Every structure is written in C-alpha cells, then in structure tokens.
2 protein chains.
Amino acid sequence: MKHTTIKDVAKKMGVSVSTISRAFNDKYDIKKETRDRILKMAKEMGYSPNPIARKLTQKRSYNIGFVVPEFVNSFFPEVIIGAQEVLLEEGYQVLIMQSDLSWETERKNVKTLVDNMVDGLIVSLTSEEKNNTYYKELISSKMPIVFFNRVVDELSASKVLFDDFKWSFFATEHLIVQGFIDIIHITGTKSLSLTKNRINGFEAAHRKHKLKVGEVIYTGFTTEDGERIAESLIEREVLPKAIFAANDALAIGAMHVFKKNGYQIPGDIAIVGFSESRLAEHISPPLTSVKQPTHDIGRAAAQLLLDQINTTGVFIPQSMVLNGRLNIRESSVKVI
Amino acid sequence: MKHTTIKDVAKKMGVSVSTISRAFNDKYDIKKETRDRILKMAKEMGYSPNPIARKLTQKRSYNIGFVVPEFVNSFFPEVIIGAQEVLLEEGYQVLIMQSDLSWETERKNVKTLVDNMVDGLIVSLTSEEKNNTYYKELISSKMPIVFFNRVVDELSASKVLFDDFKWSFFATEHLIVQGFIDIIHITGTKSLSLTKNRINGFEAAHRKHKLKVGEVIYTGFTTEDGERIAESLIEREVLPKAIFAANDALAIGAMHVFKKNGYQIPGDIAIVGFSESRLAEHISPPLTSVKQPTHDIGRAAAQLLLDQINTTGVFIPQSMVLNGRLNIRESSVKVI
DNA sequence: TTTGTTTTCGGAAACGTTTCCGAAAAAATA
DNA sequence: TATTTTTTCGGAAACGTTTCCGAAAACAAA
C-alpha cells in the first residue's frame with residue numbers, strides 16, 4: 001500500500017511539489033523540458049495523482065452517475081450504452097447504480113454518487129413524488145442533472161422524453177382501424193406520467209374513431225403482472241378482442257397465459273406491446289410493439305448533461321422529445 | 001456550494017473539530033450527552049461529513065465496484081441484483097460499470113473504481129489474457145477482489161464458478177439419449193475457459209455414448225452471431241439434426257432464421273441453449289436451456305468479498321462452484 | 001550596464017477530515 | 001484532603017493534492 005506520492009517524485013527530482021503538480025495539470029507556467037522530464041520520471045516511478053486528494057481541491061472528477069430504476073429489461077441497459085458512447089468520448093467514466101424499483105435505494109444511490117463527487121447525473125425515477133424535494137435541493141445546489149423516461153414536470157431540469165401520448169395513440173389506432181373493438185389497456189404504475197400519457201393516447205384514439213373508450217387496468221410492469229391480469233381476464237369469460245399493453249413484459253406475460261389456455265393470438269385476442277424488447281420479434285407470434293430509440297435517448301441525455309456541465313453562466317434546462325416507430329408484427333394483424 | 005463543514009459546527013458549538021469528528025465516528029472517548037448534542041446540532045445545520053475528505057485519511061469507503069463485460073442480456077444484471085442484496089444489507093453501496101466487451105474499457109473501469117477507493121471489486125472478465133498482469137498487481141496490492149463466471153486460473157483470487165463441463169455434458173446427453181446424432185455445438189469466444197469447459201462437456205457426452213464427436217463452431221455470444229451461423233449452416237444443405245448453443249442468445253438467433261426458412265423445431269432441428277434467459281420459456285417453441293443460479297452467484301460473490309474484506313490476516317482465496325439445472329422444453333424433445 | 005518584462009519555479013496555505021498526544025476535568029482511591 | 005486513575009476533550013499533524021503569491025532567473029529593451 002506504499003503508494004508513491006507527489007512528494008516522492010518531488011524529492012527524487014529535487015524540485016518542488018507544485019512543479020510536479022503543474023507538470024501533470026499542463027499549466028502554462030512550466031518549462032516544456034522540465035515537464036517532459038517530470039512526466040517521464042513519474043511514469044518510471046509508477047506515480048499517478050491520487051484522484052481522491054485531487055477531488056478535495058478541485059471541482060471535477062470526470063465521473064458521471066447513472067441511476068436507473070431497474071435493469072433486467074434491456075431498455076435501460078441500452079440507453080446506458082448509448083450515453084456511455086458519447087461520455088467516454090469526452091473522457092468521462094460512467095458509474096451505474098440501480099434502484100431495484102425502490103425510491104429509498106434510489107435516494108441512497110444518488111447520494112453516494114454525489115458523495116463521490118460525480119460531475120453530473122442522469123437519472124430515471126422510480127417514483128415521481130417521493131424524492132422530489134431532495135432533487136430540488138440537488139438542482140438548486142447546481143448539480144448538473146438530466147432526467148429521462150420517467151420524469152416529473154415539477155423539477156426544472158433537462159429531460160429527454162418520448163412522446164408516449166402520440167405512440168400510444170398510434171398503437172391503439174392500429175388496432176382500431178383493423179376493426180378490433182373492445183380493446184383493453186393494461187398499464188403499470190399509476191403515478192408515473194408516462195402511464196397517464198399512454199392512457200390519454202389510448203383514449204384519444206377511441207374518441208377520434210367515435211368509439212366507447214376501452215377499459216384501463218392498472219398493475220405493475222413485470223411479466224408476472226401480465227400473467228396475473230390475463231388470468232383474471234380469462235375468469236371473466238367474456239374476453240376483450242384486443243389488448244394494448246404499456247410494456248412488452250406485460251404483453252408477453254399475458255400472451256403466455258392466453259396461449260397456455262388455448263387461445264389463439266391474434267385470432268382470439270390481438271396484442272400489442274410498448275418499448276420494444278429484444279424478444280418481440282423472436283416470440284411467437286412476433287409481437288407488435290412501439291420501438292423507442294433507446295440508444296438515441298442515452299446519447300441525447302449525455303449530450304444535454306455535457307452542455308450543462310460546460311455552461312459557465314446560468315443554464316436553461318432543455319427538453320428533447322424523441323421519435324419512435326410502431327413495428328407491426330403478427331400478434332396484432334386481424335386474421336380474415 | 002457553501003457546504004457546511006466540520007469547522008462550522010465546531011465554531012457554532014464552541015467545541016473543537018476533533019470532538020465533532022468523534023461524535024460522528026462513535027468513538028469511545030466522548031461523553032454521551034455532548035455527542036447527542038452535537039449530532040442534533042449537526043442535523044439542524046445540515047452537516048454531514050464529506051466522504052472525499054474522509055477517504056483521504058481513512059481506508060474504507062463502503063463502496064463496492066462491480067464490473068461486467070456487458071449487461072443487455074439479463075444474466076449479469078441478475079447476478080448484480082443478487083450481490084446487491086447482501087451488500088446493501090451490510091451497508092455497502094454498489095457501483096456498476098460495464099465494459100462493452102472491450103478489455104480496454106474494462107481496464108479503465110476497474111481503474112476508476114480503484115481510484116474512487118472502493119473497498120472491493122467483483123468482476124467478470126471480457127478477456128482472460130489482456131489484463132492479467134494488471135490484475136496481478138491489483139491483487140498483490142491487497143485489493144479485495146472476486147471473479148465470477150469469466151475467470152482465469154492464473155489469478156489467485158476468490159472465484160465463484162459454474163460447472164460448465166457438467167451441465168454441458170448433461171445438455172448434450174439429453175440430446176443424445178433421445179436419439180439425435182449429428183449434433184453441432186455453437187459456442188462463443190474461444191479464449192474463455194468457460195467456452196473450453198463447455199466444449200469438453202459436449203465431447204465427453206459423445207464419448208460416453210460411443211459416438212463420433214460433433215462439430216464445434218466458434219463465433220460470438222450474440223443473437224446476430226447465432227443468425228449468421230444458422231444461415232451458413234443452411235447453405236451447407238445437409239443440416240445437423242440438433243444444435244447445442246453455448247448461450248441462449250445464440251440459440252434464439254439460430255432458431256429465428258431456421259424458422260424463417262421453413263424448418264421445423266424440433267422436427268427438423270432440435271435446439272438447446274445455455275444460461276437460461278428470461279425469454280426461454282416464452283419463445284416458440286419454448287427453449288430447453290441450462291439454468292444458472294444467477295441470483296446465488298451474485299450472493300456468493302458478495303459473501304466471498306465480504307469475507308476477504310473482513311479478514312485481517314492473510315486471506316486464502318476461496319472458490320465456489322454452484323449448481324444448475326437443465327430445463328427441458330419443447331425445442332429439444334424428439335417428435336415421434 | 002541598467003531597468004523593465006516575462007518565464008519558471010518554490011513556499012505555504014487550503015481542501016475537510018481523522019487521529020495521535022497530551023492536558024484538563026472528573027471520578028475513584030487512599 | 002491528597003493522590004491516582006479514568007474520562008473527556010483540544011491542539012496539531014497528517015492524508016495528497018492544487019493554487020495563490022511572490023521571488024529568482026532569464027530575457028528584452030533602453
């Protein structure tokens with residue numbers, strides 16, 4: 001553990017500590033030759049500046065914190081990869097933490113990240129209420145932060161969003177124009193605004209086509225939730241003709257129990273999902289779903305964060321909303 | 001940014017800085033009452049010790065670093081969740097970094113984690129050669145570290161392993177006993193020892209049953225690799241009767257193009273995968289696969305790491321090998 | 001050569017803690 | 001009460017850097 005320190009190099013070379021520091025920080029007030037000499041010697045001695053000590057005096061750590069609510073679905077990993085692409089390019093390292101769908105651990109996560117002096121944060125919320133005041137403090141303390149996917153209007157920070165209303169609208173309209181009536185919308189956590197937006201899109205599509213708006217069922221966002229809902233639906237005996245799920249996991253779970261119970265998809269029930277997952281096209285039948293540009297979401301978030309970090313004056317939060325695509329597959333096309 | 005510091009509280013309360021420090025570190029040599037008084041006041045003033053400064057003098061950060069080669073497949077996220085369960089319990093925070101299958105960024109990842117003074121590391125390698133000497137230095141510098149899944153024998157550290165040989169053996173035997181001959185093994189990166197072990201298991205099963213050992217095809221670990229291999233197989237015109245893939249992603253990719261080209265599974269080709277993914281049972285036909293105890297792998301790794309951290313004397317590296325299960329599903333049962 | 005500028009560097013304070021050492025205060029013992 | 005022991009606390013050094021300030025050295029201008 002006898003790490004070589006800046007003093008060791010200074011002593012060895014007979015120069016002052018500050019000179020070594022200057023050499024490493026590429027300051028203007030040092031002679032080229034001595035800098036090269038120092039750098040060479042430092043490398044020989046296996047010295048590199050201690051980042052902890054450095055952070056104590058400086059402001060920057062070149063670390064970015066990334067907090068996601070979960071990451072077993074590939075959605076969040078994919079946006080992280082996108083963000084990491086642009087961040088690494090700029091010399092930043094990305095520290096990831098996952099909140100396990102708990103706002104308490106989310107809170108702890110961003111705290112440890114802040115404690116470790118990250119230069120900025122990219123976060124997607126587990127809940128839109130619980131940590132609000134905490135985030136407000138954070139924002140007013142000038143910590144650069146951008147939210148994505150799961151955001152809250154109340155917080156004045158940069159955000160990258162998806163037009164949930166629009167694509168929910170398109171997805172249900174796709175069902176409607178094929179003649180499906182009696183469509184049910186299964187959705188996740190009630191408190192998230194993306195949930196509300198998708199519901200609004202679902203209902204708007206009905207209204208546009210002068211249809212009685214379909215039922216909305218709340219549950220979680222997991223495959224198991226989808227299975228549970230499907231089972232309860234089957235017990236009703238009168239099944240809907242189509243289901244629009246707020247999430248591929250839900251759709252797949254539901255599909256699973258429908259198939260197990262002998263229902264044909266899309267013959268008996270048509271299904272469309274959201275936030276296209278990797279398996280959408282591999283499952284049987286292939287699942288119609290709204291594809292979000294995960295990669296681009298990450299890249300955009302990273303870019304907004306960098307903008308904020310590099311802004312010296314007051315920063316005006318920016319919001320971007322990205323576009324998606326409805327990938328129509330077998331699970332939702334009416335058999336004639 | 002005018003964070004309240006320990007001095008502020010000291011001044012405000014008319015006591016020395018060291019007393020405040022003692023109050024926060026629960027030292028024996030402070031009077032109960034003054035400690036309570038200090039803690040209360042500190043809370044009022046919104047003070048909490050700066051972890052960076054603290055790290056400079058202390059050794060512990062209560063942060064654990066987790067480095068994985070990728071995380072869009074749910075395998076790694078699941079083991080992280082398992083590890084996080086036991087680590088959070090003990091008051092540690094888990095910082096995750098992903099290497100994007102590049103050993104260079106893996107290198108950078110563990111470096112920044114070490115720079116941030118994590119108390120220990122849990123890592124799964126991208127390559128078993130490239131960073132060896134680096135890890136050796138790290139280990140000899142007494143950094144607690146445990147490897148899992150993708151490990152290298154040469155490194156003397158704790159490891160948690162899966163018996164790839166055994167389960168590969170069982171998987172191919174499952175194919176063999178049903179009368180499939182002409183089985184091909186598709187596998188990933190050649191340099192990983194888990195690859196070798198799975199090949200050995202594959203071959204051993206053949207030998208046990210006195211069969212000519214099947215062909216082994218090397219590729220990557222992604223769905224796309226599986227698709228590519230399947231296409232090249234189709235061009236051969238004489239297809240194998242069964243495929244054992246070293247990975248569910250490979251299996252699913254291959255299955256996809258076989259189905260697209262009108263082949264029946266398992267009628268024309270039977271398929272079994274490995275490291276069961278979430279989609280195995282949802283895909284069509286449901287995929288036979290070897291299930292690894294992802295959760296337990298994480299828990300075990302975390303436990304081994306904690307053991308090492310809490311050992312004061314010399315630590316003797318431990319290895320654990322965990323058990324799996326072959327989940328037989330439709331994709332590999334011979335149709336009669 | 002003298003004076004003025006610029007370049008290059010050293011000394012020391014600062015960042016926010018912890019910890020060692022010793023002293024004052026309190027308690028226990030004689 | 002006098003002495004010893006224990007408890008509680010303050011002062012200061014240390015952790016490894018960066019940065020401010022000023023001085024020495026080098027150079028340019030007069």
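The chains referred to below are lettered A, B, ... by the order of the sequence lines, with proteins before strands, and numbering in each begins at 1. For clarity, every value in this text was computed on a predicted model and none was experimentally measured.
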key: Under the salt bridge (Lys or Arg N to Asp or Glu O under 4.0 Å) test, residues paired with D153(A) that sit two or more places apart   = none

ask   = To the nearest angstrom, how far is R35(B) atom CZ from dT7(D) atom C1'?
value = 15 Å

query = Do K12(A) and D8(A) sit within salt-bridge range, that is, some charged N less than 4.0 Å from a carboxylate O?
reply = no

query = Taking only residues at least two apart or on different chains, which pairs with a member in residues 101-121 of chain A satisfy ring-ring contact (aromatic ring centres under 6.0 Å, His included)?
reply = none

inquiry  = Quick check on the helix from dT1(C)-dA30(D) to dA30(C)-dT1(D): what's the angle between its two end axes, five base pairs per end, to the nearest 10°?
reply    = 40°

ask   = Who pairs with R107(A) by side chain to side chain contact (heavy atoms under 4.5 Å, CB included), at least two apart in sequence or on another chain?
value = N131(A), Y134(A)

inquiry  = Measure NZ/K32(A) against C1'/dC9(C) and give the value in whole Å, please.
reply    = 17 Å

request  = Name all pairs fulfilling the ring-ring contact (aromatic ring centres under 6.0 Å, His included) condition that reach into residues 43-63 of chain B, sequence neighbours left out, sorted by first residue then second.
outcome  = F24(B)-Y47(B), Y62(B)-Y92(B)

ask   = Is K136(B) atom NZ crowded by more than 12 heavy atoms from other residues, nucleotides or ligands, each under 6.0 Å away?
value = yes

query = Atom CD1 of I30(B) and atom C1' of dA25(C): how far apart are they, to the nearest Å?
reply = 15 Å

request  = In whole angstrom, give the distance that lies between atom CD1 of I38(A) and atom P of dT8(C).
outcome  = 13 Å

request  = Going 5' to 3' through nucleotides 10-21 of chain D, assign each nucleotide B (protein heavy atom under 4.0 Å from a base atom), S (under 4.0 Å only from sugar-phosphate atoms) or - (no protein heavy atom that close).
outcome  = BB---BBBBBB-

inquiry  = Under a 3.5 Å cutoff, is there a donor and acceptor pairing between the side chains of T19(B) and S16(B)?
reply    = yes

inquiry  = Whether K111(A) and D115(A) form a salt bridge (side-chain N of Lys/Arg under 4.0 Å from carboxylate O of Asp/Glu) is what I want to check.
reply    = yes

